[in-house]
There are 2 protein chains.
Amino acid sequence: MPIHFSDMGTNDSGVRGRTRRAILAAAASVLARDRSATLAQIADAAGVGRSTLHRYFPDRDELVAAVIEDSLAAIERSVQDAALDQGPPREAMRRLVAAMLENGDRLMFLWGDPNLLAAYEPAVSDDCPEPPPQAGLELIRRGQAEGVFDPGLDPEWIQQIVWAVVYTGVEQVDRGLISRHGVYAAVVRTLENGIRPPGS
Amino acid sequence: MPIHFSDMGTNDSGVRGRTRRAILAAAASVLARDRSATLAQIADAAGVGRSTLHRYFPDRDELVAAVIEDSLAAIERSVQDAALDQGPPREAMRRLVAAMLENGDRLMFLWGDPNLLAAYEPAVSDDCPEPPPQAGLELIRRGQAEGVFDPGLDPEWIQQIVWAVVYTGVEQVDRGLISRHGVYAAVVRTLENGIRPPGS
DNA sequence: CTTTTTTGACACATCCATGTCCCATTTTGA
DNA sequence: TCAAAATGGGACATGGATGTGTCAAAAAAG
């Protein structure tokens, strides 16, 4: 009577941790480009058998939930490193953009399906008494207070715009319509000035 | 020996034309919010039986293709009315935004799944020797030439941004986070200035 | 009113993704 | 080297969406 899987992958080191991360990354990458991708496709992309995938994530919902959680964590980590509460708002915003661009696949996955986050957030908000700090919103409000960001726009709207513009950039890169280096410049420039030439 | 369906709905007037349009509108609305919606759901939303839906569109692919075509046509019509080649570029762009906002559902449907258009365009490009005039791109180039729009940005990029920002607005309205009147102002303001306060 | 058209509900057969076992083989780690 | 852990492939059952067909009833057209 063998006891299988005493450690369900929460351990980052070891075989299981690595396999788990490979699956999550592959799933994000595949699902970002095709939400209705088959589990077989995902397993293929991860380089594992479909059986193995089912061993780590019993059903599709659990896998998707795990990918969401993992993607949020990865992005949150990058954002954390950006230290948005430090320095001038405009430069902090640029660091935020760079942080988001670092996680292209996960960002495409999360943002590509508006229903995903909407269906997931209420699931975790039960455990978490208060919503996450939302470093992005904090930065936006700070920028508005300093007059660097438009105070006439709703902070939440600005946040949506940031995500949308970055997402557009990631997507264009994915299609090879923009070089990987050029995105950052285009996104920042568009975000800061819109479609108007920088010199007013 | 009754001969059924002598007119497959190409006729705008009459029962078949109206039913066809109802199905197309409902399909766009439902699919915009859930790409994997069931044909039964779509039939329900259209107020017809699933049998009737199958009578108008033999299979799912044909329905989707028809919705794409119909949505493109509807938007194109609105854009046509906007007379983008007339007047100052900035005001033309505002008319373009208004035209797109008029077709919220269809725009969400078309833009929501990047693969849709990508998979459809090559199918019609075989019949159409040249790509459509792309009035939007024309306007952007004109604006750049006059120095109203940033010449340092790729016209195609600007076009993507316009779609993205409008789409974001439509989505926010759909979720009730923005009033239907407020969208236009927010979209135009963001598009023209980015997140920076209008007064440079 | 009569004829024709159109419709909706039901009954099917079918296909495909999914989830569950099982077992031989490989990999890991002591 | 050897035992335990992990894997991959296959077989199998299942459910849900899809496509097809039939038929009586409703709607439209004459």
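Just so it is clear: chains get the letters A, B, ... in the order the sequence lines come, proteins before strands, and each one is counted from 1.
- Side-chain N/O atoms of B:N115 and A:R33 include no donor and acceptor closer than 3.5 Å.
- Summarising the geometry, the separation between CZ on A:R20 and P on D:dA6 is reported as 14 Å, rounded to the nearest angstrom.
- Note that the CD1 atom of A:I23 and the CG atom of A:L63 stand 8.0 Å from one another [nearest 0.5 Å].
- Rounded to a whole Å, the CZ atom of A:R18 is 18 Å from the P atom of D:dA5.
- Checking the phosphate oxygens (OP1, OP2) of C:dG8, no side-chain nitrogen or oxygen of B:S51 falls inside 4.0 Å.
- Salt bridge annotation for A:E146-A:R142: present, with a cationic side-chain nitrogen under 4.0 angstrom from a carboxylate oxygen.
- B:Q144 contributes a side-chain N or O that, together with a main-chain N or O of B:L153, makes up a donor-acceptor pair within less than 3.5 Å.
- A:S29 pairs with exactly one of A:I42, A:V67, A:D105 by the side chain to side chain contact (heavy atoms under 4.5 Å, CB included) rule, that one being A:D105.
- You'll find that the side chain of B:T19 is closest to C:dT7, out of D:dG8, C:dG8, C:dT7.
- A:D34 places no side-chain N or O within 3.5 Å of a backbone atom of A:V30 that could act as its donor or acceptor partner.
- To the nearest angstrom, P of D:dA17 lies 15 Å from CG of B:L53.
- Going from atom CG of B:D44 over to atom C1' of D:dA17 covers 15 Å, rounded to whole Å.
- Considering only the side chain of B:Y56, C:dT6 comes nearest among D:dG21, D:dG10, C:dT6.
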Quick test: give all pairs of protein nitrogen or oxygen and nucleotides 13-19 of chain C nitrogen or oxygen below 3.5 Å, distance rounded to 0.1 Å.
{"unit_1": "C:dT18", "atom_1": "OP1", "unit_2": "A:R60", "atom_2": "NE", "d": "2.6"}
{"unit_1": "C:dT18", "atom_1": "OP1", "unit_2": "A:R60", "atom_2": "NH2", "d": "3.4"}
{"unit_1": "C:dT18", "atom_1": "OP2", "unit_2": "A:L39", "atom_2": "N", "d": "2.9"}
{"unit_1": "C:dG19", "atom_1": "OP1", "unit_2": "A:R60", "atom_2": "N", "d": "3.2"}
{"unit_1": "C:dG19", "atom_1": "OP2", "unit_2": "A:R60", "atom_2": "N", "d": "3.3"}
{"unit_1": "C:dG19", "atom_1": "N7", "unit_2": "A:R50", "atom_2": "NH1", "d": "3.2"}
{"unit_1": "C:dG19", "atom_1": "O6", "unit_2": "A:R50", "atom_2": "NH2", "d": "3.1"}

